[in-house]
A.B. asks: 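Encoded as structure tokens, here's the structure I'll be asking about.
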Amino acid sequence: MKSEPDTYSVDDLAKEKQGMWEGCRNYTVRNFMRDQMAPGDQAFFYHSSAKEIGIVGIMELVSGGYPDPTQFDPKSEYFDPKSPKDAPRWLAVDVRLVKKFSQVVPLSVLKADPVASGMQVCMRGQRLSVQPVTPEEWQAVLRLAGVEG
DNA sequence: GCCAACGTTGGC
DNA sequence: GCCAACGTTGGC
């Protein structure tokens with residue numbers, strides 16, 4: 001799960017008991033939240049457009065996908081006037097921080113690893129802010145982070 | 001700041 | 001329903 005740390009960083013999440021992953025306005029990600037993401041699932045926290053680009057920690061989903069309240073808030077930068085109230089277009093999920101890595105696992109290191117280099121996040125031009133990770137890739141990242149699997 | 005990639009929009 | 005134009009993402 002990607003976030004620009006200027007907007008929302010792993011340290012921001014660390015300060016909160018749980019965080020709402022809101023504002024995503026991409027249909028593929030919406031479907032992923034709706035169909036794939038469930039409470040108890042774990043996810044990596046990835047910093048994009050950052051001084052140190054890479055994976056910074058592990059999160060756990062506290063919820064599955066539910067209607068993103070910001071789409072109905074005219075004061076929100078994520079407000080979507082075309083989203084029907086009775087059929088919300090966009091979803092959010094709630095997350096909590098499981099672990100912040102002692103060091104960022106940089107994108108360059110992911111790309112250099114034979115297993116982690118297969119992750120979507122390593123692919124040129126990939127833009128989805130939420131992406132699936134295989135069990136093998138998960139373990140590879142934990143190894144690169146120096147974390148017990 | 002550049003620009004490649006790709007999702008979205010809208011005219012037809 | 002095609003596809004060009006446009007907007008956004010995000011690494012570099």
Side-chain angles (χ1 to χ4, degrees), chain A residues 1-16 19-38 41-61 63-95 97-134 136-147:
Chain A
M1 298 173 70
K2 297 196 278 191
S3 180
E4 298 189 20
D6 288 349
T7 304
Y8 190 76
S9 72
V10 68
D11 291 324
D12 292 329
L13 177 57
K15 288 178 203 148
E16 303 178 314
M20 183 171 65
W21 209 270
E22 89 287 14
C24 186
R25 298 294 179 261
N26 173 285
Y27 286 104
T28 303
V29 172
R30 190 277 312 269
N31 295 346
F32 197 71
M33 286 178 164
R34 184 188 60 199
D35 302 330
Q36 306 287 330
M37 298 172 79
D41 289 352
Q42 292 199 326
F44 291 127
F45 195 135
Y46 177 91
H47 279 177
S48 64
S49 297
K51 197 164 62 182
E52 287 188 293
I53 296 164
I55 298 175
V56 293
I58 299 170
M59 299 185 287
E60 180 177 302
L61 298 192
S63 77
Y66 63 91
D68 180 348
T70 65
Q71 70 196 305
F72 301 125
D73 179 2
K75 294 194 292 287
S76 169
E77 61 177 311
Y78 303 121
F79 178 56
D80 182 357
K82 288 188 282 189
S83 180
K85 274 239 164 64
D86 54 353
R89 191 176 286 189
W90 307 115
L91 302 179
V93 295
D94 289 335
V95 296
L97 186 64
V98 172
K99 183 181 189 59
K100 180 188 170 184
F101 293 154
S102 53
Q103 284 194 305
V104 179
V105 181
L107 180 59
S108 57
V109 169
L110 296 174
K111 286 181 171 175
D113 182 84
V115 177
S117 59
M119 297 173 77
Q120 286 188 25
V121 77
C122 294
M123 304 301 167
R124 178 191 187 86
Q126 63 68 33
R127 297 167 48 173
L128 296 183
S129 59
V130 179
Q131 308 174 349
V133 177
T134 69
E136 293 76 19
E137 291 161 355
W138 183 269
Q139 291 303 321
V141 172
L142 293 184
R143 175 169 44 77
L144 292 170
V147 172

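Only this structure's heavy atoms are used, side chains among them; waters, hydrogens and symmetry mates stay out. In what follows, every chain begins at residue 1, and chains take the letters A, B, ... in the order their sequences are listed.
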A.B. asks: Measure from NZ on K2(A) to C1' on dG7(B) and round the result to the nearest Å.
C.D. replies: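 Result: 13 Å.
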
A.B. asks: Rounding to an integer number of Å, can you tell me how far Q120(A) CD sits from dG7(B) C1'?
C.D. replies: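 Atom CD in Q120(A) sits about 15 Å away from atom C1' in dG7(B).
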
A.B. asks: Salt bridge check, D80(A) against R89(A): does any charged N sit closer than 4.0 Å to a carboxylate O?
C.D. replies: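 Here R89(A) pairs with D80(A) in a salt bridge, since their nearest N and O are under 4.0 Å apart.
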
A.B. asks: On the nucleotide dC12(C), are OP1 or OP2 found under 4.0 Å from the side-chain N or O atoms that K111(A) carries?
C.D. replies: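 K111(A) to dC12(C) OP1/OP2: side-chain N or O found under 4.0 Å.
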
A.B. asks: Under 4.0 Å from OP1 or OP2 of dG11(C): is there any side-chain N or O of Y46(A) that close?
C.D. replies: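 For dG11(C), OP1/OP2 do have a side-chain N/O of Y46(A) under 4.0 Å.
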
A.B. asks: Grab the CD-P distance between Q126(A) and dC12(C) for me, whole Å please.
C.D. replies: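 Q126(A) atom CD is separated from dC12(C) atom P by 11 Å.
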
A.B. asks: Can you find a side-chain donor-acceptor pair between R127(A) and S48(A) that sits under 3.5 Å?
C.D. replies: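 S48(A) and R127(A) do not have a side-chain donor-acceptor pair below 3.5 Å.
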
A.B. asks: Return the value, rounded to whole Å, for the distance between atom CD of Q131(A) and atom C1' of dT9(C).
C.D. replies: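 Computing the Q131(A):CD to dT9(C):C1' distance gives 12 Å.
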
A.B. asks: I need the CH2-P distance between W90(A) and dG7(B), as an integer number of Å.
C.D. replies: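 It is 13 Å, rounded to the nearest whole Å.
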
A.B. asks: In this structure, how many angstroms lie between the C1' atom of dC12(C) and the CD atom of E52(A), rounded?
C.D. replies: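 Atom CD in E52(A) sits about 16 Å away from atom C1' in dC12(C).
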
A.B. asks: Compare the minimum distances between each of dT8(B), dC12(C), dA5(B) and the side chain of N26(A), then state the nucleotide with the smallest one.
C.D. replies: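 So the side chain of N26(A) is nearest to dT8(B).
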
A.B. asks: Between dG7(B) atom P and L128(A) atom CG, what is the distance in whole Å?
C.D. replies: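 About 7 Å, once rounded to whole Å.
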
A.B. asks: Pairing donors with acceptors under 3.5 angstrom, does anything connect the side chains of Q71(A) and S83(A)?
C.D. replies: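 Yes, side-chain donor-acceptor contact under 3.5 Å.
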
A.B. asks: What is the separation between atom CD on E4(A) and atom P on dT8(C), rounded to the nearest whole Å?
C.D. replies: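 Whole-Å distance recorded here is 13 Å.
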
A.B. asks: Please determine if R30(A) and D68(A) form a salt bridge, counting it only when a charged side-chain N lies under 4.0 Å from a carboxylate O.
C.D. replies: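 Salt bridge: no.
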
A.B. asks: Tell me which nucleotide among dG11(C), dT8(B), dT9(C) gets nearest to the side chain of R127(A).
C.D. replies: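 Nearest nucleotide to the side chain: dT9(C).
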
A.B. asks: Can you figure out which of dA5(B), dT9(B), dG11(C) approaches the side chain of L107(A) most closely?
C.D. replies: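 Per side-chain heavy atoms of L107(A), the pick is dG11(C).
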
